Amino acid sequence: MRYKRKMLKTTLLLAVAASALVAADVKSEFLDEVSALEKKYTSLAEAIPADKYTWRPGDGVRSISEAFMHVAGANYMLPRMVGVTPPQGLERGMEKSVTAKAEVIAQLRKSFEHVRAAAQASAEPDKMIKLFGREVSQRYFLTFLAHHMHEHLGQLIAYARMNKVTPPWSQG
């Protein structure tokens with residue numbers, strides 16, 4: 001009986017340790033991806049000339065600055081779903097109102113800092129949260145957030161190329 005209790009205790013301790021390692025791995029992998037995305041976003045934002053920030057491929061479609069600010073806004077707002085509140089003083093509609101290249105880049109950088117804070121708050125990858133009315137794990141949420149960033153990076157790469165700007169990481 002004593003042996004069984006000791007084995008159960010050891011098994012539980014190992015399970016807790018394994019769970020902590022998985023949480024650390026998920027967070028670490030996500031943070032690595034966020035760093036890579038931030039570099040691409042900021043280098044692309046810097047490479048696009050300021051006079052092209054109002055360019056849009058057609059009526060009713062986001063401009064370059066609006067696409068960048070859409071990502072920044074999502075980086076600020078989506079982490080609410082894991083309990084991380086956006087910074088004070090964010091103005092509603094900043095997607096339309098923040099159009100100057102320097103401010104767009106500054107907001108992008110700040111928004112990626114906010115995403116890193118949200119990842120740190122997502123300590124339990126298997127904890128369930130609500131995402132647009134669905135029950136999902138925090139792990140899924142981090143994946144969703146990365147997918148959103150990748151989707152709009154593709155959009156912005158297309159916008160850049162339509163304006164004869166080659167993404168800095170694919171030059172040469």
Side-chain angles (χ1 to χ4, degrees), residues 23-24 26-57 59-125 127-160 163 165 167-169:
V26 167
K27 206 182 316 186
S28 175
E29 289 169 359
F30 176 75
L31 289 170
D32 286 348
E33 189 64 18
V34 166
S35 290
L37 282 161
E38 180 179 17
K39 284 178 189 165
K40 286 184 175 181
Y41 268 98
T42 56
S43 68
L44 187 60
E46 289 166 351
I48 296 172
D51 65 336
K52 296 294 184 182
Y53 269 55
T54 57
W55 180 89
R56 63 183 75 240
D59 291 338
V61 181
R62 287 184 179 111
S63 69
I64 288 175
S65 68
E66 289 169 347
F68 278 123
M69 290 307 299
H70 171 75
V71 171
N75 286 353
Y76 287 132
M77 296 307 189
L78 289 174
R80 290 181 303 173
M81 296 173 186
V82 291
V84 178
T85 57
Q88 292 286 346
L90 284 182
E91 67 178 72
R92 212 163 173 71
M94 62 192 264
E95 184 175 307
K96 300 262 188 225
S97 65
V98 177
T99 58
K101 179 177 178 172
E103 182 61 18
V104 168
I105 293 169
Q107 287 296 335
L108 272 174
R109 286 191 171 118
K110 288 178 193 173
S111 78
F112 277 99
E113 287 174 24
H114 188 71
V115 166
R116 280 190 281 282
Q120 295 300 336
S122 303
E124 301 173 60
K127 181 178 178 183
M128 300 305 282
I129 61 166
K130 284 273 191 203
L131 178 66
F132 304 118
R134 286 182 33 208
E135 286 281 321
V136 299
S137 68
Q138 287 188 7
R139 174 187 293 110
Y140 179 89
F141 170 75
L142 294 176
T143 302
F144 168 81
L145 196 52
H147 282 278
H148 182 260
M149 289 181 228
H150 278 287
E151 175 183 349
H152 291 290
L153 181 60
Q155 173 190 19
L156 284 157
I157 290 167
Y159 281 19
N163 282 282
V165 175
W169 61 90

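Treat the numbers as computed from the prediction; the structure is a model and nothing was measured.
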- Could you please spell out the steps behind the side chain to side chain contact (heavy atoms under 4.5 Å, CB included) verdict for Tyr159 and Leu44? CA-CA 10 Å; Tyr159 281 19; Leu44 187 60; over 6 Å; no
- Applying side chain to side chain contact (heavy atoms under 4.5 Å, CB included), run through Arg139 and Phe30 and close with a yes or a no. CA-CA 9 Å; Arg139 174 187 293 110; Phe30 176 75; over 6 Å; no
- Query: Passes side chain to side chain donor-acceptor pair (under 3.5 Å), Glu103 versus Gln107? Steps please.
  - Reply: CA-CA 6 Å; Glu103 182 61 18; Gln107 287 296 335; 3.0 Å; yes
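Between the side chain of Arg134 and the backbone N or O of Leu131 there is no donor-acceptor pair closer than 3.5 Å. Remark: side-chain polar atoms of Tyr41 are paired, donor with acceptor, to backbone N or O of Leu153 under 3.5 angstrom.
Between Val136 and Ile129, some side-chain heavy-atom pair lies under the 4.5 Å cut-off. A heavy-atom distance below 4.5 Å is not found between the side chains of Glu33 and Met149. With a 4.5 Å cut-off on side-chain heavy atoms, Pro167 and Lys40 do not count as touching. In this structure, Arg62 and Met69 have side chains that are not in contact, with every pair of non-hydrogen atoms separated by 4.5 Å or more. No side-chain heavy atom of Lys127 sits less than 4.5 Å from a side-chain heavy atom of Ser137. Contact annotation: the side chain of Leu31 approaches that of Gln120 to within less than 4.5 Å [non-hydrogen atoms, C-beta and beyond].
Interatomic distance, OG1 of Thr85 versus CE of Met77, reported as 10.0 Å (0.5 Å rounding). Atoms CG and NE2, on Leu37 and His150 in that order, are 4.0 Å from each other to the nearest 0.5 Å. In this structure, CZ in Arg116 is found 10.0 Å from CG in Asn75, a value given to the nearest 0.5 Å. Distance check: Met128 CE to Tyr140 OH gives 11.0 Å after rounding to the nearest 0.5 Å.
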Side chains of residues 45-53: which donor-acceptor pairs under 3.5 Å do they make with residues two or more places apart or in other chains?
unit_1 : atom_1 : unit_2 : atom_2 : d
Glu46  : OE2    : Arg109 : NH2    : 2.7
Tyr53  : OH     : Ala45  : O      : 2.5

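Checked options Val84, Val115, Leu145; the residue passing with Leu78 is Leu145 (criterion: side-chain contact (heavy atoms from CB on, under 4.5 Å)).
Using bins of under 30°, 30° to 60° and over 60° for the plane-to-plane angle, the ring pair His70/His148 lands in the tilted bin.
Contact between Lys110 and Tyr76 at its shortest, heavy atoms only, is CB-OH, 3.1 Å. Closest heavy-atom contact between Val61 and Arg56: O-NH1, 2.5 Å. Of all non-hydrogen atoms in Leu156 and Ala67, the two that sit nearest each other are CD2-CB, 3.6 Å. Taking all atoms of both residues into account, the shortest heavy-atom contact from Ala118 to Pro79 is CB-CB, 3.4 Å.
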